[in-house]
Amino acid sequence: MSAGIEIVLPDGSRRSLPAGATGADLAADIGPGLAKAALGVEVGGEVRDLSRPLHSGETVSIVKADSPAGLELMRHSTAHVMAQAVIDLFGGDSVRLGIGPTIKSGFYYDFDFADGRRLKEDDLQRIEARMHEIIAADQEFVREEVPYERALATWEARGDRYKCDLIRGFPAGETISFYHNRARDEGEAFVDLCRGPHVPSTGKLAKAHFKLLTIAGAYWQGDEKNPMMQRIYAACFASADDLKRHLHNLEEAVKRDHRKLGKQLKLFHFSDEVGPGLPLWLPRGTVILDVLREFLVDEQRKRGYQSVVTPHIGRKHLYETSGHWQNYGDSMFPVMGDAEGAEFCLKPMNCPHHIQIYQSDLRSYRDLPLRLAEFGTVYRYEKSGELGGLKRVRGFTVDDAHLFVAPEQLFDEFVSVVELVRFALATFGLPVQARVGTRGTEEGGKFVGEPELWERAQAEIVRACEEMGLAYTVEEGEAAFYGPKLDFVVTDALDREWQLGTAQVDYNLPQRFDLLYTAKDGTRQRPIMIHRAPFGSLERLMGVLIEHYAGAFPTWMAPVQVVVAPISDEQLDEARKLVDRLRGLRLRAELDAASEPIGPKIKRARLEKVPYVAILGAREIRESTVSVRSRDDGELGAMPLETFLERLEKEVVERR
RNA sequence: GCUGCUGUGGCUCAGGGGUAGAGCACGUCCUUGGUAAGGACGAGGUCAUGGGUUCGAAUCCCAUCAGCAGCUCCA
């Protein structure tokens, strides 16, 4: 018994096993059901292979597919099976392997083919079929720890520069391991450089429900200077239901796609004649933009902002002073010259213009904080492949404002900015996450100004988040070049993340433009700037909102709030009067004057996602009522006109 | 920008080496209909653009432009 070991289970109970016992032995010792379901073990927070020996005194839990760790294990092992399938089908000599990590909904694996093969959509089915064969063959995953030299030699011999890159990149002393897949009768089937862990055998993946989804290019190690590999993305879940749900969500996302709904609902349009990434807002989309603007202007007025208007272009020199030219010249539209030789740029940012407004007068501490706001349209030359619907465009409008503040005002002002951003985004029911972006490293990141000023600004941002009870994460090196920032990321109805609002502290531009104000004691002091945009780009916000609401905007935002539909042409005049009355109350009403039965009129309003249809027949006119049909609640029946109007006004005022 | 895929009336899509199809939408007329599509007729496209192959190209090839997925980037 002296050679035995004692293992602690998560519930605190102890179990004695012979020396050298593995995770598999422990699972078997507990019960045959667990032995079958076990995929790995977790020891001190680390997930390990079932085949690795346990040590006395360790607290060990058995990992099954129903835990996050188990799902991870399953996905990772399935990625290996996919790599093996690709090699089996297309020849081991020509396939070079990149990496095959797990992702939120499954996994991917990157491949490079020495023979220049291009994967096609129909290859995915063949690969999937082969994967099922490999799983049915129940190959063992066998871990082998390998010395550095041998590991390198193995992959050099295979001509796989990617795996060699990985090995060379490992820190000294790192344990290098291979995972071999051994077929039950034919020996080695596949080997991969991998840290592990893995499930004990491919047979355990019979319960991995996966589907290969797309082929896409991806630069090796994410660096555009490196060759591009071919990546296969797959969804993978522990149950058929989970996979089904995920695929269903993807379908839902397609249905809600703002590009599709934007066309269907006639909100915006892209014209080749105008150019890529330059949206044209149609009347109905513009209504929503107007609502958003009014909403924010109103809120900003309450908070002491002043609106300004500035032109779309400015001298190139202005952007040299601001540093934009040096830092973002590549993504600014080409300089335009006038007939007299002056050079102008389309503005990529509003701050330099707002700074000029600050400098249009002598400023004293009595002027601060000076809050200048503008829905400023800016132009950025985004690379062609980066454009996408409204979420990434070349011309867009920022709900921008620049706050010029004295140092002692910075904190309170920043807090109030954070409050406004949260309020504005909460109005749409979008849950917000905050991310603090800090200064890049000396070598890698772009930044201007003194590191000490950056430290101060970062500290203020973090303090403001804590004061507001705002949960935040810190993203190292994600700052703007002129200062650290707080980004607001929203998660839409389909769990996708989008960065919208932003708030940035800036000590640098005031310095570059030599901004000053006269302090109480008569000395000249330098203000600090806060850049902030609750919505970020109105275009992106619209894209997000269209998808969030699936095109069914709440009444206060809906381009058309009520369609008035007469039962027959007899009621046309009364219907017109009702439309006029609604419009007089600043409600957005349209008349459906088609000589058609009420059915098609209702159908049309539903397709257009109009919140209300007001039906007017002989009966309603006689009784001074309207029959109301709600998009969300269905038929509401006849009600006095006043009741309907109150309902509408209430929804508008309450922003519902 | 890179890799791959796609590009047919306003929209959704079928077709495919021998001078273009459907549904919806649109127009006119008929119908005056009570809560998710009443009927008839009609108009509308040099099949993204430019080359090439061919007796003949919307169809095959190349290029360009645009869109989509992903990578990279995003003040």
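Chain identifiers are assigned alphabetically (A, B, ...) following the order of the sequence lines, protein sequences preceding nucleic acid strands; residue numbering begins at 1 within each chain. What's counted below: heavy atoms across the whole structure, side chains too, no hydrogens, waters or symmetry copies. In this text, all values refer to a predicted model and were calculated from it rather than measured experimentally.
G18(B) and C55(B) make up a base pair, with Watson-Crick or G-U wobble contacts both under 3.5 Å. Applying the Watson-Crick and G-U wobble criteria (two distances, each under 3.5 Å), C68(B) pairs with G4(B). Of all nucleotides present, none satisfies the Watson-Crick or G-U wobble test against G44(B) with each distance under 3.5 Å.
Regarding Arg606(A), its CZ atom lies at a distance of 10 Å from the C1' atom of U35(B), rounded to whole Å. Going from atom CD1 of Ile215(A) over to atom P of C5(B) covers 9 Å, rounded to whole Å. Look at CG on Asn226(A): it is 15 Å from C1' on G1(B), rounded to the nearest Å. One can place CG of Leu346(A) at 19 Å from P of A75(B), the figure rounded to the nearest angstrom.
Judged purely by atom type and a 3.5 angstrom limit, Arg512(A) uses its side chain to pair as donor or acceptor with the backbone of Ser322(A). A donor-acceptor pair is defined here as one N or O able to donate and one able to accept, closer than 3.5 Å; such a pair exists between the side chain of Arg631(A) and the backbone of Lys609(A).
One finds no side-chain N or O of Arg231(A) lying less than 4.0 angstrom from the OP1 or OP2 phosphate oxygen of U72(B). Here Tyr379(A) does not reach the OP1 or OP2 of A75(B): none of its side-chain N or O atoms lies under 4.0 Å away. Contact between the side-chain N/O atoms of Arg629(A) and the OP1/OP2 oxygens of A36(B) is found at a separation under 4.0 Å. When the side-chain nitrogen and oxygen atoms of Arg259(A) are compared with OP1 and OP2 of C68(B), one or more of them lie within a distance under 4.0 Å. Neither OP1 nor OP2 of C2(B) sits under 4.0 Å from any side-chain N or O of Lys225(A). Contact between the side-chain N/O atoms of Ser331(A) and the OP1/OP2 oxygens of C74(B) is not found at any separation under 4.0 Å. For the pair Lys383(A) and C2(B), the criterion of a side-chain N or O lying under 4.0 Å from OP1 or OP2 is not met.
Using cut-offs of 30° and 60° for the angle between ring planes, the Phe481(A) and His324(A) rings count as perpendicular. Note on ring orientation: taking the six-membered ring where Trp is involved, the planes of Phe268(A) and His258(A) are tilted (angle from 30° to 60°). Using cut-offs of 30° and 60° on the angle between ring planes, the pair His354(A) and His402(A) is perpendicular.
At a cut-off of 3.5 angstrom, counting only N and O atoms as typed in the model, there is a donor on one side and an acceptor on the other between the side-chain of Tyr219(A) and the base of G1(B). Between the side chain of Ser595(A) and the base of G33(B), no donor-acceptor pair of N or O atoms lies under 3.5 Å.
Checking G38(B), A75(B), C73(B) against every side-chain atom of Ala480(A), the shortest atom distance belongs to A75(B). The Ile615(A) side chain lies nearest to G34(B) when the options are G34(B), A75(B), G4(B). For Arg392(A), taking side-chain heavy atoms from C-beta onward, the closest of the listed nucleotides G1(B), C73(B), G67(B) is C73(B).
Of the residues near RNA chain B, Asp569(A) and Gly275(A), the one whose nearest nucleotide (by heavy atom distance) lies more toward the 5' end is Asp569(A).
For the pair Arg394(A) and Tyr381(A), the distance from NZ or CZ to the six-membered ring centre is under 6.0 Å and the angle to the ring normal is within 45 degrees.
Comparing G17(B) with C74(B), their P atoms are spaced 47 Å from each other, to the whole Å.
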